[in-house]
Asker: 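Dropping a structure here in structure tokens format, bear with me for questions.
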Protein chains: 2
Amino acid sequence: MSAPIRVVLADDERMVRTALRVILDAEPDLAVVGEAATGAEAVSVVRAERPDVVLMDVRMPEIDGIRATEQILAGMADAPRIVVVTTFENDSYVYDALRVGAAGFLLKRAAAEELVSAVRLVARSDSLLYPAAVRCLAAEHARHRPPAAPAWAARLTDREAEVLRLVATGLTNAEIADRIGVGPATVKTHVAAVLAKLGARDRTQAVILAYESGFVRTG
Amino acid sequence: MSAPIRVVLADDERMVRTALRVILDAEPDLAVVGEAATGAEAVSVVRAERPDVVLMDVRMPEIDGIRATEQILAGMADAPRIVVVTTFENDSYVYDALRVGAAGFLLKRAAAEELVSAVRLVARSDSLLYPAAVRCLAAEHARHRPPAAPAWAARLTDREAEVLRLVATGLTNAEIADRIGVGPATVKTHVAAVLAKLGARDRTQAVILAYESGFVRTG
DNA sequence: AACCGCCTCCCCCGCCCGGGGGAGAGGGGC
DNA sequence: GCCCCTCTCCCCCGGGCGGGGGAGGCGGTT
């Protein structure tokens, strides 16, 4: 399994950091290599340790997690994947996090198992975003378990899910438009919404996320 | 499972048609709705029956399977998926078939199970090409079973396979170029080769084929 | 009645991508 | 020696795509 995944924790509450460290260090393939209590500290620790993954709290003194994320991603070649940690799912930070390039985000109430699998997936998928709705895709695929377990945000609408399914069969926007009987502009809108919610850069990444989340099944 | 997959058989040898019919009709979700012994007949039968899938022999009187495929795909809106059937794997027809838009091809010596799964996959993946190299991808993935079982043609080179793997992680051509240390133009060339060999229209379809063939694994 | 989420469609813009060519270098097989 | 394959890189070109806006209608919630 080669080298372990190196993780840095950034949270102003010591208890949270400790909890995360306990959870992550229990996994043989994960190694917490640094902690930070402020955004500024997070930036310097990350530059020093060059981890694979950063768990970044949004609310922190001096510099919030969003700005810290921005600075890390802007100032580093071969920057780590950053997972933004929030308390409330409809946090407006969520979209800011996507915008500045966070690899994903999860809620503090997420189960330990979700946490470690998120870290692994983010580290593994290498230049691929893994945000919010991905888990919702899996949840939707598993027959609408409502808002109980899904500790993630940004659900796709029915139309968006339909469009994503068609994107994942290799259709162009124009073909999707013909198929569902709307204009090409409408499909563009839906695709754009899907990309934003999934944090995907283009339809190719969206398809990959659809497969990886189980939203579409292989053959 | 809704309506069965409607199949038309086009082959000049009656025995071959019968054999195919027996194999396909044994499957509850497949229904052979027409047969043709010549290319011209194939065109008219397909227009009349409007099947989901056509199994098209390459060598037929009057009009060969390639031209028949061309005419069917050109002259019909919502055309069926056409699988071209060949006897020899290095048949030059293979590339012609790809060029005119065949959804895939397979060898007459293919196992019955391969046949039915090919029909299902082609029918399912709806506007998605399923040609040659796809099975080779699966074969490569399954640790180089040489040229024994692979009843399909068009192998990827090592470089092409590497590029496809990177495409399937969501990278752009420029990012792939940086990663493997070559120029962007070179990556373009490799990607173009992959698309041609897989019969994919764009990188999105290539990724889908990579997943469906098992060339890349989910999770 | 006001609000919000969803669906529909429009504009402009820039870029990445894919198609069509070609070309040179190196290696292996005949 | 010659050929063929692979890998490398170049050109031009068109189009699909994604980003950034905005706008109107419709139904459910408050």
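Note that these values count all heavy atoms, side chains included, but never hydrogens, waters or copies made by symmetry. So you know, we letter chains A, B, ... as the sequences are listed, proteins then strands, and number each from 1.
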Asker: For the helix from C:dA1-D:dT30 to C:dC30-D:dG1, what angle lies between the axis at the first five pairs and the axis at the last five pairs, to 10 degrees?
Answerer: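 About 40°, once rounded to a multiple of 10°.
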
Asker: Give a yes or no answer on whether the side chain of A:R203 reaches the backbone of A:L164 with a donor-acceptor pair at less than 3.5 Å.
Answerer: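 No: the side chain of A:R203 does not pair with the backbone of A:L164.
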
Asker: Check salt bridge (charged side-chain N to carboxylate O under 4.0 Å, His left out) between B:R159 and all other residues, then give those that pass, not counting sequence neighbours.
Answerer: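 Salt bridge (charged side-chain N to carboxylate O under 4.0 Å, His left out) check on B:R159 returns B:E162.
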
Asker: Scan nucleotides 24-30 of chain D against the protein and return all N/O pairs shorter than 3.5 Å with their distances rounded to 0.1 Å.
Answerer:
none

Asker: Of all residues at least two apart in sequence or in a different chain, which pass the salt bridge (charged side-chain N to carboxylate O under 4.0 Å, His left out) check with B:E41?
Answerer: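 Not a single residue meets the salt bridge (charged side-chain N to carboxylate O under 4.0 Å, His left out) criterion with B:E41.
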
Asker: Of all residues at least two apart in sequence or in a different chain, which pass the side chain to side chain contact (heavy atoms under 4.5 Å, CB included) check with A:D202?
Answerer: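 With neighbours one apart ignored, the set is A:T204, A:Q205.
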
Asker: Could I get the full list of side chain to side chain contact (heavy atoms under 4.5 Å, CB included) partners for B:L195, not counting sequence neighbours?
Answerer: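 With sequence neighbours excluded, B:L195 shows a side chain to side chain contact (heavy atoms under 4.5 Å, CB included) to B:V191, B:A200, B:A206, given in chain and number order.
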
Asker: Do any N or O atoms from the side chain of B:T69 and from the backbone of B:G65 form a donor-acceptor pair under 3.5 angstrom?
Answerer: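 Side chain of B:T69 to backbone of B:G65: a pair is present.
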
Asker: For residues A:P4 and A:L30, determine if any side-chain heavy atom of one lies less than 4.5 Å from a side-chain heavy atom of the other.
Answerer: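 SC-SC contact between A:P4 and A:L30 ruled out.
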
Asker: Using the test side chain to side chain contact (heavy atoms under 4.5 Å, CB included), find all partners of A:A48 that sit at least two apart in sequence or belong to another chain.
Answerer: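 A:A48 satisfies side chain to side chain contact (heavy atoms under 4.5 Å, CB included) with no residue once adjacent residues are dropped.
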
Asker: Holding to side chain to side chain donor-acceptor pair (under 3.5 Å), I want the full list of residues that pass it with B:E49, two or more places apart in sequence or in another chain.
Answerer: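 Applying side chain to side chain donor-acceptor pair (under 3.5 Å) to B:E49 gives B:R6.
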
Asker: If you restrict it to nitrogen or oxygen atoms, what contacts under 3.5 Å exist between nucleotides 3-7 of chain C and the protein, and what is each distance?
Answerer:
| from | atom 1 | to | atom 2 | distance (Å) |
| --- | --- | --- | --- | --- |
| C:dC7 | OP1 | A:R159 | N | 3.1 |
| C:dC7 | OP2 | A:T157 | OG1 | 2.6 |

Asker: Please enumerate all protein N or O atoms sitting under 3.5 Å from an N or O of nucleotides 23-30 of chain C, with distances to 0.1 Å.
Answerer:
none

Asker: Out of curiosity, B:D178 CG to B:L166 CG, how far, rounded to the nearest 0.5 Å?
Answerer: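 With rounding to 0.5 Å, CG (B:D178) is 11.5 Å from CG (B:L166).
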
Asker: N/O contacts under 3.5 Å, protein versus nucleotides 14-23 of chain D?
Answerer:
| from | atom 1 | to | atom 2 | distance (Å) |
| --- | --- | --- | --- | --- |
| D:dC17 | OP2 | A:N173 | N | 3.3 |
| D:dG18 | OP1 | A:R203 | N | 2.6 |
| D:dG18 | OP2 | A:R203 | NH1 | 3.1 |
| D:dG18 | N7 | A:K188 | NZ | 3.1 |
| D:dG18 | O6 | A:K188 | NZ | 2.8 |
| D:dG19 | O6 | A:K188 | NZ | 3.0 |

Asker: Identify, with sequence neighbours excluded, every residue that meets side chain to side chain contact (heavy atoms under 4.5 Å, CB included) alongside B:A42.
Answerer: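 In terms of side chain to side chain contact (heavy atoms under 4.5 Å, CB included), with neighbours along the sequence ignored, B:A42 is linked to B:A10, B:A36, B:M56.
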
Asker: CD/A:E175 to OG1/A:T169 distance, rounded to the nearest 0.5 angstrom?
Answerer: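 The OG1 atom of A:T169 is 8.5 Å from CD of A:E175, to the nearest 0.5 Å.
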
Asker: Does A:R201 reach the main-chain N or O of B:G170 with its side chain, forming a donor-acceptor pair under 3.5 Å?
Answerer: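 Such a contact is found between A:R201 side chain and B:G170 backbone.
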
Asker: Test A:V163 against every option in A:R179, A:K188, A:H190 by the side chain to side chain contact (heavy atoms under 4.5 Å, CB included) rule and name the one that passes.
Answerer: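 So, applying the side chain to side chain contact (heavy atoms under 4.5 Å, CB included) to A:V163 and each of A:R179, A:K188, A:H190, only A:H190 qualifies.
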
Asker: Checking B:E160 side chain against B:T157 main chain: does a donor-acceptor pair fall under 3.5 Å?
Answerer: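 Present.
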
